[in-house]
Amino acid sequence: MVPATLAQPRNPALRDPAWTGRLFWFIALLILLAPAFVATEFKPWILLEPENLKVSSKFLSDFFPPQTNPEFLLLIAKEAWRTIAIATAGTFLALVLAIPMTLISTRVLSISSLSGRMHLLPFAMRQVIRWILIILRSVPELIWALVFVRVVGLGPAAGVLAIGLTYSGMLGKVYTEILESGEHHVATNLMRNGSSRLQAFFYGVLPQNSTELTSYTVYRWECAIRASAVLGFVGAGGLGQQLDNSMRMFNGGEVATILIVFMLLVGLADLLSAWLRKVMQ
Amino acid sequence: MANQLSARNDFGIELSDVTAYHPAATAQAPPAIQGLSLSIGPGEHVAVIGPSGSGKTSCLLVIAAALKVKSGKVFLNHQSVWELATRKLQELRGNLFFAPQTPPLPPRQRVITALLAAKLPRQSFFASLMSLIYPRDSKEASEALAQFDLADKLWQRVDRLSGGERQRVGLARALLSPATIWLIDEPLSALDPTRARQAMDSLITHAKDHGITLITSLHQVDVATSKFPRVIGLRDGKLVFDLPSSEVSKELLADLYRQHEHELYQNAPVLPDSAPEPAPVKIIHCR
């Protein structure tokens with residue numbers, strides 16, 4: 001029996017012509033999703049088997065109490081500061097790389113497409129930048145870090161470079177999408193009246209999209225803080241390296257303290273983002 | 001005085017047999033402008049009238065070198081616009097000021113910045129950046145605003161303004177632009193009759209004093225015939241008449257607006273003080 005809401009009205013004029021297509025894609029999506037769970041051997045119930053519960057509760061109970069030894073806390077505070085520094089410097093490097101690429105690749109700022117189709121050369125240039133962005137972000141920051149640790153040696157510099165490269169690919173892509181999905185009519189009008197692309201960017205595009213861009217950038221900075229944890233495992237410094245040390249020594253208390261510091265940092269990023277949005281509103 | 005100044009503007013407009021389609025039109029849609037030929041001399045003041053959908057906006061966009069023509073030719077200053085290289089065309093566009101019906105004002109921008117944006121075409125990039133850091137020419141901007149009775153809004157943010165105020169800010173931008181041709185689309189749609197008269201007078205006076213060619217599309221037929229020496233009537237994208245306003249008779253108007261009589265006989269603005277602002281697009285990016 002078809003539920004009442006799924007039944008089409010008898011009067012053909014009142015039938016939603018898009019309904020069949022929508023139903024088809026919904027079912028198709030479900031069918032496509034199934035293999036993903038099979039391929040990943042997704043069986044969450046094994047977590048609840050008594051044997052596994054014992055292992056995980058043993059692992060988790062080691063976390064208590066968190067290590068609060070003042071000497072250790074001081075060390076962690078220093079490393080937390082270094083983590084923030086890695087994330088900030090990395091995000092800044094990413095920004096420096098991403099902004100020019102965004103300006104080149106966004107269609108909003110194309111003068112040739114103001115009237116009809118974009119010219120061939122600018123179109124080709126946009127495609128090249130798109131591919132550079134894809135390459136930059138498709139190599140995980142961990143791989144970049146492994147490369148740079150070999151080049152510049154162990155330490156935070158490798159982390160900064162790794163984050164800068166990967167994140168410039170992400171920022172460039174998302175910035176372009178934010179600009180293209182926003183309102184264009186101000187920038188279009190400025191260029192139609194003879195302004196240059198960069199002038200249209202600063203007077204038309206930026207004021208329309210600044211909150212979106214800022215909040216995404218702060219979110220990426222938050223991601224960079226987390227990413228630096230992973231990078232620490234390959235010797236790129238910061239809290240991550242301490243986390244790696246404590247894990248190797250099975251020191252649950254220290255791990256717990258470091259994780260708490262991570263939570264605080266992410267919470268801080270969240271507050272910063274909320275505050276910035278409010279100020280810019 | 002006015003004549004001496006108008007000598008500076010030698011920018012003639014010539015459309016010959018122009019046909020153009022709306023950019024978002026479907027394949028079967030009729031052209032927005034069909035076989036239109038026009039010639040407008042430097043410093044002329046022209047009103048374009050016609051019922052809704054008659055191609056008034058498209059006509060302005062064609063002259064503004066914003067809507068590419070399908071056939072026919074557009075000459076600005078004796079140059080065929082669509083045969084110019086992109087850079088040349090962009091330079092030429094600095095001489096045109098197109099004011100859309102929805103004023104192009106970013107909601108979070110301040111009025112001063114939105115006004116100074118009109119000066120960009122003749123400003124170096126460095127100068128325009130400096131002007132963002134600390135607004136130059138605030139005196140000029142304030143004087144332009146005063147013409148529209150908005151002097152106190154100079155430092156306000158655009159989203160604090162009403163729809164009518166935004167429209168007037170949009171018109172005040174014209175006064176700051178370096179252009180010698182103004183193309184103003186429905187300047188009065190969000191203004192009450194008093195404000196509308198004041199705004200129209202400010203534009204006309206400034207245009208006269210500086211020898212600027214003023215072309216506006218209008219819904220208010222009485223304003224068109226009383227304030228403009230020349231009136232162009234469009235219907236279904238075709239030229240119906242192009243006459244001195246003294247020769248525009250009641251019969252001609254009735255013919256132009258047949259089946260749209262309500263638009264002809266309503267004297268009040270079409271959208272009395274309603275804000276023609278675009279709905280803010282909210283997109284949430286989670287990546």
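Below, chain A is the first sequence line, B the second, and so on; all start at residue 1.
- Remark: side-chain polar atoms of A:Asn189 are not paired, donor with acceptor, to backbone N or O of B:Pro104 under 3.5 angstrom.
- Taking a 6.0 Å sphere around CZ of A:Arg22, one finds it holds more than 12 heavy atoms contributed by other residues, nucleotides or ligands.
- Taken to the nearest 0.5 Å, the CD atom of A:Gln199 stands 10.5 Å off from the OG atom of B:Ser131.
- Side-chain contact between A:Ser210 and B:Arg108 is present, with heavy atoms from C-beta onward closer than 4.5 Å.
- Note that CG of B:Leu183 and CZ of A:Arg192 are 11.5 Å apart. Values are rounded to the nearest 0.5 Å.
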**Message:** Determine whether A:Ser195 and B:Arg93 satisfy the following criterion, side chain to side chain donor-acceptor pair (under 3.5 Å), listing intermediate values before the conclusion.
**Reply:** CA-CA 8 Å; A:Ser195 304; B:Arg93 280 176 175 144; over 6 Å; no
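- Ranking A:Pro207, A:Gly194, A:Ser215, A:Ala187 against chain B, the residue ahead of the rest is A:Gly194, based on heavy-atom pairs under 4.5 Å.
- Heavy atoms of B:Leu92 lying under 4.5 Å from chain A are absent altogether.
- Heavy atoms only, all atoms of each residue included: A:Gln208 and B:Pro107 are closest at OE1-CD, 3.1 Å.
- With a threshold of 4.5 angstrom between heavy atoms, A:Met170 does not approach chain B through any atom at all.
- Using a 4.5 Å cut-off between non-hydrogen atoms, the part of residues 112-123 of chain B that approaches chain A consists of B:Thr113, B:Ala117, B:Leu120, B:Pro121, B:Gln123.
- Contact of B:Leu132 with chain A is made through backbone and side chain together, with heavy-atom distances under 4.5 Å.
- Distance alone, capped at 3.5 Å, places no donor-acceptor pair between the B:Gln90 side chain and the A:Ile111 backbone.
- Interface check for chain B: of the options A:Asn193, A:Leu198, A:Val205, the most heavy-atom pairs under 4.5 Å are formed by A:Asn193.
- No more than 12 heavy-atom neighbours from other residues, nucleotides or ligands sit within 6.0 angstrom of CZ on A:Phe123.
- To the nearest 0.5 angstrom, A:Phe202 atom CZ is 8.5 Å from B:Ser128 atom OG.
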